[in-house]
Amino acid sequence: MPDFQAILETIYQNALQAPDKGTVATYIPELAHISQDNFGIHLRTSDGKSYGVGHFNKPFSIQSISKVLALSKAMSLIGESIWKRIDVEPSGHPFNQLALLEIENGIPRNPFINSGAIVIADILLSNLKHPKSDFLNYVRDLTNDNTIEYNEAVAHSEKMTGFKNYAAANLLKSFKNLENPVDDVLDFYFHQCSLEMTCGQLTKTFSFLANQGTCMLNKTRLSESQVKRINALMLTCGFYDEAGEFAFEVGLPGKSGVGGGIVALLPHHFTIATWAPGLNKKGNSKLGMLALEAFTSQTKLSIF
Ligand code: DON
């Protein structure tokens with residue numbers, strides 16, 4: 001068994017030496033105050049051991065990482081019929097690009113670009129009695145942690161400035177790919193994205209995807225086939241127009257968020273989460289990608 005704690009500490013120190021630490025996202029004003037000096041990594045193995053370095057216990061805005069959790073809830077509610085409304089192909093374009101959506105008649109390329117995640121939010125709105133609290137409870141249950149919360153200030157900040165998401169939702173509505181009113185769907189979507197978690201919580205939340213659908217409470221959340229599909233989508237679409245690069249460098253299914261978080265996993269083995277708010281030009285955490293590349297290269301633990 002490798003000495004994971006020592007490996008994480010070396011990777012952490014090396015990544016801190018990187019000359020370019022990226023840029024904190026400012027298009028959601030509330031995220032602009034977060035210090036670029038935050039950096040944490042947490043690893044949780046499927047046999048129950050955990051290892052952390054840096055700010056792995058500090059909560060941050062998980063943003064698009066939440067799209068995986070929303071998709072998994074939608075799959076557990078309506079199964080395969082999701083794929084009548086959303087495709088499963090990488091987009092090769094940024095997460096908020098709208099051109100393809102118009103060309104492809106309101107069918108988003110995948111559930112992780114914003115337009116796809118907005119359709120998933122619509123599905124949850126149509127199928128949950130109390131969408132915001134039911135979804136929050138789902139995430140708390142997956143993690144076995146009732147302290148997880150939405151950040152109302154972040155949700156409000158995005159609501160005031162999320163013009164492209166309003167454009168996406170209106171375009172979806174014009175193609176009849178939204179059942180609920182645009183404002184209701186986006187209110188849910190902005191809350192979903194505002195969820196705050198630590199790296200240590202994220203490795204717990206995502207462990208059901210490394211463990212064939214079984215969550216921290218030992219409950220089965222999804223079938224093995226559904227887990228396979230979500231992991232495949234994370235590998236091919238989890239990093240938008242940098243999904244190829246992430247597969248090439250890191251070689252794990254994963255998902256990023258503009259809050260600077262990344263979560264990745266090796267089925268049957270581990271989940272790993274990083275947080276460093278400085279982003280590269282594609283909107284993915286600069287130090288997070290460096291650290292994960294170093295981790296899978298040094299340990300030779302990747303799906304390839
Ligand atoms: O909709 C948005 O733009 C944000 N709430 C989430 C975007 C995001 O995290 C993209 N990921 N890297």
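We count ligands from 1, going down the list as the structure has it; atoms in each ligand are counted the same way.
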For ligand 1, does [X] get within less than 4.0 Å through its side chain, its backbone, both, or neither, judged by non-hydrogen atoms?
| X | value |
| --- | --- |
| Cys193 | side chain |
| Asn165 | side chain |
| Phe190 | neither |
| Val258 | both |
| Glu158 | side chain |

Answer yes when [X] and [Y] have at least one side-chain N-carboxylate O distance shorter than 4.0 Å, and no when they do not.
| X | Y | value |
| --- | --- | --- |
| Arg221 | Asp141 | yes |
| Arg85 | Asp122 | yes |
| Asp134 | Lys129 | no |

TODO: Report the C-alpha distance between Leu252 and Thr296 in whole Å, list the side-chain angles of each, state the deciding distance to 0.1 Å, and finish with yes or no for side-chain contact (heavy atoms from CB on, under 4.5 Å).
DONE: CA-CA 8 Å; Leu252 295 174; Thr296 56; 3.7 Å; yes

Open item on the list: Lys255 versus ligand 1: do any nitrogen or oxygen atoms come within less than 3.5 Å of each other?
Closed with: no

Note the single closest protein heavy atom to [atom], along with its residue, its atom name and the distance in Å.
| atom | result |
| --- | --- |
| atom 5 (N) of ligand 1 | Gln63 OE1, 2.6 Å |
| atom 1 (O) of ligand 1 | Tyr189 OH, 2.6 Å |
| atom 9 (O) of ligand 1 | Ser64 OG, 2.5 Å |
| atom 3 (O) of ligand 1 | Tyr27 OH, 2.6 Å |

Using distance alone, with no hydrogens and no angle criterion, decide if [X] and [Y] have a side-chain donor and acceptor under 3.5 Å apart.
| X | Y | value |
| --- | --- | --- |
| Arg140 | Asn146 | no |
| His42 | Gln201 | no |
| Gln17 | Gln13 | no |

Open item on the list: Can you pull out every ring-ring contact (aromatic ring centres under 6.0 Å, His included) where at least one residue sits in residues 215-253? Sequence neighbours excluded, please.
Closed with: Phe95-Tyr240, Phe239-Phe246

Open item on the list: Which heavy atom of Thr236 sits nearest to which heavy atom of Pro90, and what is that distance?
Closed with: O-CB, 3.4 Å

Open item on the list: Show the atoms of ligand 1 that are less than 4.0 angstrom away from any heavy atom in Gly283.
Closed with: 12 (N)

Open item on the list: Within ligand 1, which atoms have a heavy atom of Asn114 less than 4.0 Å away?
Closed with: 1 (O), 2 (C), 3 (O)

TODO: Could you tell me if any non-hydrogen atom of Tyr240 lies under 4.0 Å from any atom of ligand 1?
DONE: yes

